[in-house]
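Being a predicted model, the structure only gives us computed values, none of them experimental. Only heavy atoms go into these numbers, but all of them, side chains included; no hydrogens, no water, no symmetry mates. Just so you know, ligand 1 is whichever comes first in the structure, and atom 1 is the first atom listed for that ligand.
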Amino acid sequence: MDKALTQKIIDRLASAQHPVLLAHIRPDGDAFGSVLGLAHILKERGQNPTCYIEGGMIPMYRFLPGADLVQDLPSQLPEKSDCLIALDTSTRERLGQKTLSWPQPIDIVIDHHISNPGYGKLNLIVPEIPATGGVLFEIFQQAAWKITPAAATCLYTGLTTDTGSFRYRGTDAHTLHAAATLVELGADPSEIAKQCYLSITHERHALRRLVSDTISIKDNKKSAFLTILPDFYKKSGAKSEDTEGIIEDVFSIQGVEVGSLFEFMPDGGLRVSLRSKGKVDVNSIASSFGGGGHKAAAGIRFAKDAEKNRDLVLTAITQALSKP
Ligand code: AMP
Ligand code: MN
Ligand code: MN
C-alpha cells in the first residue's frame, strides 16, 4: 500500500470535524462494515461522523455494533459536513442517485475495486486487498489509531463477507493475519459467521428455492446461470437485498468456471452478477458493458432491453470460456 498517499488520507481524516461516510447502493457486509468500522474509530477520536447509505440499515446487518448510526441518503447534506468519504464504491454513481445532486465533491475514496476510476480528491484503491474493511485496517495500523472491539467486528465482517468466508482468490496470508489481529482485538468469528451465514430468513430461503429452480447450465458445463423474475419477490415475501449470496448456489458446482445471475427488474432493466473461479476475468466482461468490480466478482446494470442484454452477456461468457 502507498504509505505517502495513506498518510495524506490519515491527515485529511484526522482534520475533519463532521465527516460524512458513504458506501454503495445495494449495500453488502463490506459496505456496512467499512462505514461503521471507520465511524467507530472517528467517534473514538472525538470526531462526529455521519453515515449515509441508500435505504439505510438492512435487517441482516443489524447485528453490527453501531447499526443505528446508518441513515438513508438525505436530499442535501448538513452544511457543517467538512469531508466526504466514499467507501467500497467502484463508481461515483453507485453512491446513489440522491448524492449526484450534492454540490460537495468527494474528498476521499477508499476502495478495493480494480475498476474504480478514482473519483475523489484523494483515492486509495488497493485491489490486492480483498475487502475495503482490510484497506481500512491497514490505514488504522499505519495511523496507530486504536481499533476498538466494535470497529474490529465491523472490519472483520467486511473481510469475511467479501472473501466468501476466506475462500475466494485474493485471500492470502496477509488477509488471514489481518483477520487474526481483528479477532485479537475483539471480533468474534463464530458469532459473526452465525449472523452472516446461518441466519437466513424464511423469506430469503423461499426466494432461493424459486431462483434455484431457474438454473441453466451451458458451455460444456463450464458456466451456469440463474434468473430472478419480478414476481419472485411477491411469491417469497423477500426483498431485493435478499439476493446477496444466491449466486453461490450455481457457482459452487464442480467444473462451473463462471456463474451468473440475471435479475429482471419491474422497470424493464436488468441487473447482472458475475462470478469466476479464476480462468475468466469477469471484471473485463462487466466493464465491456459499462459495469465493473473485480476479476472474480463483477456486476452490470442495464436500464433496458433486458433479454437482449442477457443474451449478449451470455455470449461474452461463452467467448471468454472458449479462449485457450
Ligand atoms: P454483486 O454481484 O452485486 O455482488 O457485485 C459483485 C462486485 O461487482 C461487487 O464488488 C460490486 O461492487 C461490483 N459491481 C456490481 N455491479 C456493478 C456495477 N453496475 N458497476 C460497477 N461495479 C459493480
Ligand atoms: Mn461491497
Ligand atoms: Mn468490498
- Kindly check if the number of other-residue, nucleotide or ligand heavy atoms within 6.0 Å of CG (Asp11) is above 12? yes

Review point. Using 4.0 Å as the upper bound for N to carboxylate O, is an ion pair formed by Glu257 and Lys222?
Key: no

### Cationic N near anionic O, under 4.0 Å, Arg26 to Glu263
yes

Does the ring center of Phe166 lie less than 6.0 Å from the ring center of Tyr156?
yes

Can you confirm whether the side chains of [X] and [Y] place a donor and an acceptor under 3.5 Å from each other?
{"X": "Gln142", "Y": "Glu138", "result": "no"}
{"X": "Arg310", "Y": "Ser260", "result": "no"}
{"X": "Thr243", "Y": "Arg271", "result": "yes"}

Distance-only check: which donor-acceptor pairs under 3.5 Å involve side-chain atoms of residues 106-124, not counting sequence neighbours?
| from | atom 1 | to | atom 2 | distance (Å) |
| --- | --- | --- | --- | --- |
| Asp107 | OD1 | Lys121 | NZ | 3.4 |
| Asp107 | OD2 | Leu84 | N | 2.8 |
| Asp111 | OD1 | His113 | N | 3.4 |
| Asp111 | OD1 | His113 | ND1 | 2.7 |
| Asp111 | OD2 | His113 | N | 3.3 |
| Asp111 | OD2 | His113 | ND1 | 2.9 |
| Asp111 | OD2 | Asn116 | ND2 | 2.8 |
| His112 | ND1 | Ile129 | O | 3.4 |
| His112 | ND1 | Pro130 | O | 3.3 |
| His112 | NE2 | Asp30 | OD2 | 3.4 |
| His112 | NE2 | Asp88 | OD1 | 3.1 |
| His112 | NE2 | Asp162 | OD2 | 3.1 |
| His113 | NE2 | His294 | NE2 | 3.3 |
| Ser115 | OG | Gly293 | N | 3.0 |
| Asn116 | OD1 | Gly118 | N | 2.8 |
| Asn116 | ND2 | Thr89 | O | 3.0 |
| Tyr119 | OH | Thr89 | O | 2.7 |
| Asn123 | OD1 | Tyr119 | N | 3.4 |
| Asn123 | OD1 | Gly120 | N | 2.8 |
| Asn123 | ND2 | Gly120 | O | 2.9 |

So the salt bridge (charged side-chain N to carboxylate O under 4.0 Å, His left out) pairs with at least one residue in residues 237-253 (sequence neighbours excluded) are Arg204-Asp242

Heavy-atom contacts under 4.0 Å to ligand 1, chain-then-number order, include exactly Ser90, Arg94, His113, Arg271, Ser273, Arg275, Gly291, Gly292, Gly293, His294, Ala297, Ala298, Gly299, Ile300, Arg301

Atoms listed for the Mn ion (ligand 3) (protein only, N, O or S, under 2.8 Å, no waters) are Asp30 OD2, Asp88 OD1, His112 NE2, Asp162 OD2

